[in-house]
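Written below as structure tokens is the structure these notes are about.
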Amino acid sequence: MIKAVVFDVDDTLYDQKAPFTAALAPLLKLPEAADLSLAFQTYRQQSAAAYEQVAAGIWSHEEMAVKRLNAALRSQNIPSVTTEIALAFQNAYCAGLKKIKLFPGLANALDQLKEHYKLGIITNGKTQHQLAKVMQLEMHRWIDRDAIMTSEETGLAKPDPEIFTLMNHRLNLRASEVVYIGDCYSMDVRAAKKAGWQAFWFNHRNLEMPDGDWIPDQTVGDSFELQALLLALTAIAEA
């Protein structure tokens, strides 16, 4: 029986592609309507490996910013940029993240969920940076600070299942009583399932599921489907 719902942050609670494109296009001298979908997807897919390098002390956050962006650019046959430009992108991107908003429908669903479930967040990244996003999204209305875990403060990063196990202890629940919701198959779905959790895949980028032995418990394709799924959980709790 599900007793807690835990969320990813980036590209799960808000649209991460919009500030990514808005920050990068001007630096590459591209029009605002430029399609940087492949670069964005690669940037997202790099996340797991990149944060593992940081958690292991192999890369600094600055090195990660440069290497991750250039790998994303190469995937779209765009020449690599200098460290200066990569850091300028990072600064512009962070500025854009100060204006993010929840996906449509999520606020209403969270209002309902809070009445019946413990709520939490597990997110990779610097604590201060991720908490700033959480505050901008007003997630403090529904989630207490002690139920928000970042890779920096725990020393663990998704897809390491241990960060999910740590949340079990934080919530005082068994793994089978928690569901995780995220947009990334490898970091969110596979990692949560390895930890014994249920996992809902918010596949709003319409990505193909990689071959593997971990199947999401539910898959939804847009924020309105996600809202409906969360409201269905509420209905089950009220039954």
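These values consider heavy atoms only, across backbone and side chains, with no hydrogens, waters or symmetry-generated copies.
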Please verify the inter-ring angle class for His204 with Phe202; under 30° counts as parallel, over 60° as perpendicular, anything in between as tilted. tilted

Using modelled atom types and a 3.5 Å cut-off, is there a donor and acceptor pairing between side-chain atoms of [X] and backbone atoms of [Y]?
X: Glu177; Y: Leu173; value: no
X: Asp144; Y: Ala147; value: no
X: Gln227; Y: Ala109; value: no
X: Trp201; Y: Asp183; value: yes
X: Thr154; Y: Thr150; value: yes
X: Asn70; Y: Val81; value: yes

Do NZ/NE/NH1/NH2 and the carboxylate oxygens of Arg68 and Glu62 come within less than 4.0 Å?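 Looking at Glu62 together with Arg68, the answer is no, because their closest N to O distance does not fall below 4.0 Å.
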
More than 12 heavy atoms of other residues, nucleotides or ligands under 6.0 Å from CG of Asp146: is that the case? yes

Does Met209, at its CE atom, have more than 12 non-hydrogen atoms belonging to other residues, nucleotides or ligands within less than 6.0 Å? yes

Centroid separation under 6.0 Å, is that true for the rings of Tyr180 and Phe200? no

Are [X] and [Y] linked by a side-chain donor-acceptor pair shorter than 3.5 Å?
X: Lys133; Y: Gln136; result: no
X: Gln130; Y: Thr123; result: yes
X: Lys17; Y: Tyr43; result: no

Side chains of Asn168 and Trp197, heavy atoms from C-beta outward: is any pair under 4.5 Å?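 Yes, side chains in contact.
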
Quick one: side chains of residues 110-122, donor-acceptor pairs under 3.5 Å with protein atoms, not counting sequence neighbours, listed by atom name and distance.
unit_1, atom_1, unit_2, atom_2, d
Asp111, OD1, Trp142, NE1, 2.8
Lys114, NZ, Trp142, O, 3.3
His116, NE2, Glu238, OE2, 3.1
Tyr117, OH, Leu233, O, 2.7
Lys118, NZ, Leu171, O, 2.7

